[in-house]
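Data block below; observations after.
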There are 2 protein chains.
Amino acid sequence: MAAPAQKHDVFQAIADPTRRKLLQLLDQGEMPVTAISGHFPMSRTAVSKHLRILADAGLVKERKVGRETRYRMDPDPLLELKRWLSYYERYWENKMAALKRYVESQDSGK
Amino acid sequence: MAAPAQKHDVFQAIADPTRRKLLQLLDQGEMPVTAISGHFPMSRTAVSKHLRILADAGLVKERKVGRETRYRMDPDPLLELKRWLSYYERYWENKMAALKRYVESQDSGK
DNA sequence: TTGACATGAAACCTAAAGGTTTCGTATAAT
DNA sequence: ATTATACGAAACCTTTAGGTTTCATGTCAA
């Protein structure tokens with residue numbers, strides 16, 4: 001299969017707070033555009049553009065039902081983010097270990 | 001305490017691929033600007049600006065040593081990202097949910 | 001003390017982001 | 001058949017992002 005050559009990646013997609021809210025909202029379930037845009041202080045068209053960017057990154061899927069387009073969230077691309085983040089995981093592991101040691105030392109001290 | 005009112009957050013900061021590379025590079029250790037910029041196909045000034053954005057988000061720290069400024073990575077703000085991501089953790093933690101998504105995607109796919 | 005080096009600030013440019021309004025078109029309701 | 005609804009495409013505007021070049025300043029080396 002050829003590469004998707006998507007215009008927007010996950011990192012870009014979640015950079016905008018409006019789009020993060022969109023994901024959160026659509027996490028509740030499928031919803032048509034007008035209903036979605038009711039939750040945002042901007043025009044329906046603007047929301048529609050954000051949805052397109054999210055769709056481009058694979059974070060939402062659309063489905064046409066009659067005259068409406070229903071969007072739902074797809075968390076799969078977030079796995080890339082998770083993978084990226086896991087690279088830095090060791091930092092907190094060490095930190096947590098250090099904190100654990102600290103707490104335990106306080107504990108035994110008392 | 002007053003809010004930091006930082007101009008750039010961690011989501012914005014990591015949205016740019018150059019800045020992600022910067023983090024990766026600085027993960028190896030502290031480095032002065034000129035040395036850093038040697039790794040990038042752009043001017044030192046441009047790199048400097050990226051570093052400022054990262055610093056603004058708290059992802060790098062700077063330290064002046066003589067006539068040079070040395071930057072190092074600070075992973076702490078990534079915890080916010082991790083926290084945000086953890087909200088969606090259940091999706092791929094739960095195997096049944098994954099299977100459900102798979103079945104549904106096959107269903108609505110073609 | 002003179003010159004080279006390291007760096008950020010400033011001014012500037014172009015493209016992209018994020019928003020608006022207007023319009024066309026398909027579907028639904030009367 | 002006509003009107004209302006749901007939506008995306010297009011054109012447009014303003015601000016921000018990302019880059020450049022130039023300049024000023026502080027520090028090190030000769």
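In what follows, every chain begins at residue 1, and chains take the letters A, B, ... in the order their sequences are listed. Just so it is clear, the values below take in all heavy atoms, side chains as well, and ignore hydrogens, waters and symmetry mates.
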Looking at residues 40-53 of chain B, who's got a heavy atom less than 4.0 Å off DNA chain D? M42(B), S43(B), T45(B), A46(B), K49(B), H50(B)
In whole angstroms, how far is the [atom2] atom of [N] from the [atom1] atom of [X]?
X	N	atom1	atom2	result
E62(B)	dA9(C)	CD	C1'	14 Å
D56(A)	dG8(D)	CG	P	14 Å
I14(B)	dA17(D)	CD1	P	16 Å
F11(B)	dT16(D)	CZ	P	21 Å
R70(B)	dG8(C)	CZ	C1'	18 Å
E68(B)	dG8(C)	CD	P	11 Å
M31(B)	dT7(C)	CE	P	12 Å

Check E68(B) with R70(B), please: is the shortest side-chain N to carboxylate O separation under 4.0 Å? yes
Between K82(B) and E89(A), is there a salt bridge with N-O shorter than 4.0 Å? yes
I need the single residue from L22(A), L78(A), L54(A) that forms a side chain to side chain contact (heavy atoms under 4.5 Å, CB included) with M73(A). Which is it? L78(A)
The side chain of R19(A) is closest to which nucleotide in this list: dC7(D), dC5(C), dG18(C)? dG18(C)
Against the side chain of P32(A), the closest entry in dA17(D), dC7(D), dA29(C) is dC7(D)
Under 6.0 Å from the six-membered ring centre of Y87(B) and within 45° of its axis: does the NZ or CZ of R90(B) meet both? yes
Tell me whether the guanidinium CZ or amine NZ of R63(A) lies under 6.0 angstrom from the six-membered ring centre of Y71(A) and within 45° of its axis. no
Please examine the side chains of W84(A) and V10(A), heavy atoms only from C-beta on, and report whether any two atoms are closer than 4.5 Å. no
For [N], does OP1 or OP2 lie under 4.0 Å from any side-chain N or O of [X]?
X	N	answer
Y71(B)	dT7(C)	no
Q12(A)	dA17(C)	yes
T34(B)	dC5(C)	no

Set out, in order, the CA-CA distance, both residues' side-chain angles and the distance that settles side-chain contact (heavy atoms from CB on, under 4.5 Å) for D74(A) and V60(A), then state yes or no. CA-CA 5 Å; D74(A) 183 348; V60(A) 301; over 6 Å; no
Earlier contact from the 5' end, DNA chain C, for R67(B) and K64(B): R67(B)
In degrees rounded to 10°, what angle is found between the helical axes fit to the five outermost pairs at each end of the helix from dT1(C)-dA30(D) to dT30(C)-dA1(D)? 20°
Could you tell me whether the side chains of Y88(B) and D27(A) share a donor-acceptor contact shorter than 3.5 Å? no
Main-chain N/O of Q12(A) paired to R19(A) side chain as donor or acceptor, under 3.5 Å: yes
